[in-house]
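Below, chains carry the letters A, B, ... as their sequence lines are ordered, and counting in each starts from 1. What you see is a predicted model, and the numbers here were worked out from it, not measured in a lab.
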Amino acid sequence: MDQLDFPPFSKRIPGMEGAENELVRQRRDKQASLEQLDGARYPNDFRMSCFVSDALAAGEGKDGTTLGAEAIEVAIAGRVIAVNGFGKASFIRVRDQSGTIQAYVKKDVVDEATFERLKLTDIGDIVGVRGTLFRTRTDELTIQAHEYRVLTKAQHPLPEKWHGLKDMEQRHRMRYVDLIVNEESRAVFRTRTRVIQYVRKFLDDRAYLEVETPMMHPILGGANARPFRTHHNALDMDLYLRIAPELYLKRLVVGGFDRVYEINRNFRNEGLSNRHNPEFTMIEFYQAYATYLDLMDLTEELMRGLAMDVRGKTTTEFRGHTIDFGPSFRRLSVCDGLKEYCGFEEADLHDVALAEVKVLAAGVSPAEVNHTLKNLADASSRDKALAIGMLAFELKVEPHLVQPTFVTDFPAVISPLSRRKDSDPTLVDRFEMYIACNEIANAFSELNDPQDQEQRFQAQMAAKAAGDAEAMEYDEDYVRALTFGLPPTAGEGIGIDRVVMLMTGCENIRDVILFPLLRPEG
RNA sequence: GGGCCCAUAGCUCAGCCGGUAGAGCAGCGGCCUUUUAAGCCGUUGGUCGCGAGUUCGAAUCUCGCUGGGCUCACCA
């Protein structure tokens, strides 16, 4: 079998093919020379005294004379990202996690071996520099090197210095190279971390408890999605990778943790797109004695504060739109949306035959309508009307939801874990937050009536039997948990990747995931 | 899965009305002790994604395959 063959040599030892071979060979020769010079290969005895940012801070605002008098010594380490060489001196730009600083290595200041090391340096090498701070003719704070060492030789050359690495596939496959050469990429992932830190602090400050629940589930639930399957050998047990943590988090609310949240991965075995990665990061949080209305207020506050924190303002640019988190978010019920953008009358929302006319007129395909109705054989005409109305909603209403919008009051029939509206049991107390026509969050007042939950699970099982691959399974233990008493609770899930996309302007989810799933390299 | 587009040096890209491959950066050699996209002179480097076909001759035209991008479908 071809699949069992080892990958080509070049895949295991990058660079050992074609002309690249020559570049790698040259660098390995230099590495050997350095080894001879230092008597060590991959030395690890260099000790930095500070980060680059600390060195920059130490010289901040001090002129050349002051620096000369103070003779501030620093030892920094990092990657060489640029070299300006002269015959008997060189400027090298060194970057660590905190920043970039320039070092100046001058032949009549350092010993012969040190100067030799300089000549054996390539862009991309990891070096250590010890020296004193001074200012160059152009007033740039620079380290006058007394000690200069190559700590790790880069055997493979880096991409070109001002175009960087452009090819998106290469950037995803070799994220390490992308991060070395593309500042925008580093900025995106710093922002990602900051988003997660902000969300965490926001909830911590409001007495939410961060918890971890299983990612391997024996029963499928918490969302409508197709799962990944796996197997535990010792227990001889089939398991799903979780599609949502929801049911476990609500068990914790039953247990008395009134406010909980979890930030981690969900896995859904569905198509890939610029908005979907098979594993994605979601925050789910639950608050007892609250309703979905409370969560709308909380979510507005969160998004506004997040924008201010990571962008310094309430707006962000996305797909040519300026999204503003400053004003109160629009609130639009599903039924009102259908009336406003899709020509629905009130009567169309109660009769499946009338609804079907409007849905088809909206451009939904008959096949799609039939597919949806097939899974709802026993539902009422109202439920069916609402269910197929959602198809028209996706097609005709979502494109209008550019500014942050809470879409509210979803059909109960597609919301098996949500609390029914007191005023209309065919609808539920639920909202989804749309921004730039994308669903970013999903929240609802939780269904805490165990008998109703039983019926909803039964409906899911019926749909599954009818061929709905995304229907939930009946979770008996979850229903049992409800019989011990779940307080009135509201819960929400926010897609972190999509929030990061919004905050960074990235239009592809793969650009905000460090290592997105890719096909194996040919 | 459908449609459209892309794949040429380590990187960024030209070349594509068929005549056997080019630039910049990187590299190598030389000059240069305050440069910062440093500069000047010289120079190495390519199975033009893979496989067939058409042709005297294919990076270029045709078909297939692989990988990728956009888009539609599926999907939160």
By the 4.0 Å heavy-atom rule, please label A:Glu368 as base, sugar-phosphate, or nothing. sugar-phosphate

Mind calculating the distance between CZ (A:Arg319) and P (B:U71) to the nearest angstrom? 6 Å

Ion pair A:Asp409/A:Lys421, N-O distance below 4.0 Å: yes

Output a table of donor-acceptor pairs, distance under 3.5 Å, between side-chain atoms of residues 66-86 of chain A and any protein atom two or more places apart or on a different chain; print 'none' if there are none.
{"residue": "A:Thr66", "atom": "OG1", "partner": "A:Asp63", "partner atom": "OD1", "Å": "2.6"}
{"residue": "A:Glu70", "atom": "OE1", "partner": "A:Lys62", "partner atom": "NZ", "Å": "3.0"}
{"residue": "A:Arg79", "atom": "NH1", "partner": "A:Gly124", "partner atom": "O", "Å": "2.7"}

Using 4.0 Å as the upper bound for N to carboxylate O, is an ion pair formed by A:Arg95 and A:Glu183? no

Atom pair distance, as rounded to whole Å: CZ in A:Phe134 and P in B:U35: 11 Å

Is there a donor in the side chain of A:Arg27 and an acceptor in the side chain of A:Gln155, or the other way round, less than 3.5 Å apart? no

At less than 4.0 Å, is any side-chain N or O atom of A:Arg268 found next to OP1 or OP2 of B:C75? Yes or no. no

Salt-bridge test for A:Lys374 and A:Asp468: reply yes if a basic N is under 4.0 Å from a carboxylate O, no otherwise. no

By nearest-nucleotide position on RNA chain B, the 5'-leaning member of A:Lys106 and A:Met282 is A:Lys106

Return the nucleotide paired to B:G57: Watson-Crick means purine N1 to pyrimidine N3 with N6-O4 or O6-N4, wobble means G-U with N1-O2 and O6-N3, both under 3.5 Å. none

Electrostatic pair A:Arg275-A:Asp497, nearest N-O below 4.0 angstrom: no

Rounded interatomic separation in angstrom, taking CD from A:Gln155 and P from B:G10: 17 Å

Rounded to whole Å, CD of A:Glu160 lies from C1' of B:A26 at a distance of 8 Å

Any side-chain to backbone donor/acceptor pair from A:Asn438 onto A:Ile440? Under 3.5 Å, distance only. no

Between B:U66 atom C1' and A:Leu518 atom CG, what is the distance in whole Å? 15 Å

Which part of the nucleic acid does A:Asp167 contact within heavy-atom distance under 4.0 Å: base, sugar-phosphate only, or nothing? sugar-phosphate

When the nearest nucleotide of RNA chain B is assigned to A:Tyr434 and to A:Arg135 on a heavy-atom basis, which residue is associated with the more 5' position? A:Arg135

Is A:Lys166 near enough to B:C11 that one of its side-chain N or O atoms lies under 4.0 angstrom from OP1 or OP2? no

Going by number, which of residues 79-92 of chain A have a non-hydrogen atom under 4.0 Å from RNA chain B? A:Asn84, A:Gly85, A:Phe86, A:Gly87, A:Lys88, A:Ala89, A:Phe91

Within the structure shown, what part of the strands sits under 4.0 Å from A:Glu432 by heavy-atom distance: base, sugar-phosphate, or nothing? base

Distance check needed: B:A26 C1' versus A:Asp125 CG, whole Å only. 13 Å

A:Glu22 CD to B:G10 P, in whole Å, measures 12 Å

Looking at A:Glu140 and B:U34, is any side-chain donor or acceptor paired with a base atom of the opposite kind under 3.5 Å? no

When we call it a touch if two heavy atoms are under 4.0 Å apart, what does A:Arg171 touch: a base, just sugar-phosphate, or nothing? nothing

Closest approach to the side chain of A:Gln170, judged atom by atom: which nucleotide of B:G68, B:C11, B:G69 is it? B:C11

Any side-chain N or O of A:Gln102 below 4.0 angstrom from OP1/OP2 of B:U35? no

A:Leu158 CG - B:A26 C1' separation (whole Å): 10 Å

Got a donor-acceptor pair under 3.5 Å from the side chain of A:His163 to the base of B:C11? no

Less than 4.0 angstrom between a side-chain N/O of A:Arg519 and OP1 or OP2 of B:G68, yes or no? yes

Which part of the nucleic acid, if any, lies within reach of A:Asn508 when heavy atoms closer than 4.0 Å are counted: base, sugar-phosphate only, or nothing? sugar-phosphate

Give me the distance, rounded to whole Å, that separates B:U62 from B:C4 when you measure between the P atoms they each carry. 13 Å

Would you mind classifying the nucleic acid contact of A:Glu169 as base, sugar-phosphate or nothing, using non-hydrogen atoms under 4.0 angstrom? sugar-phosphate

Taking the same atom, P, in B:A38 and in B:G1, what whole-Å distance lies between them? 46 Å

Residue-phosphate contact under 4.0 Å: A:Arg510 side-chain N/O, B:G69 OP1/OP2: yes

Under-4.0 Å salt bridge between A:Arg331 and A:Glu300: yes

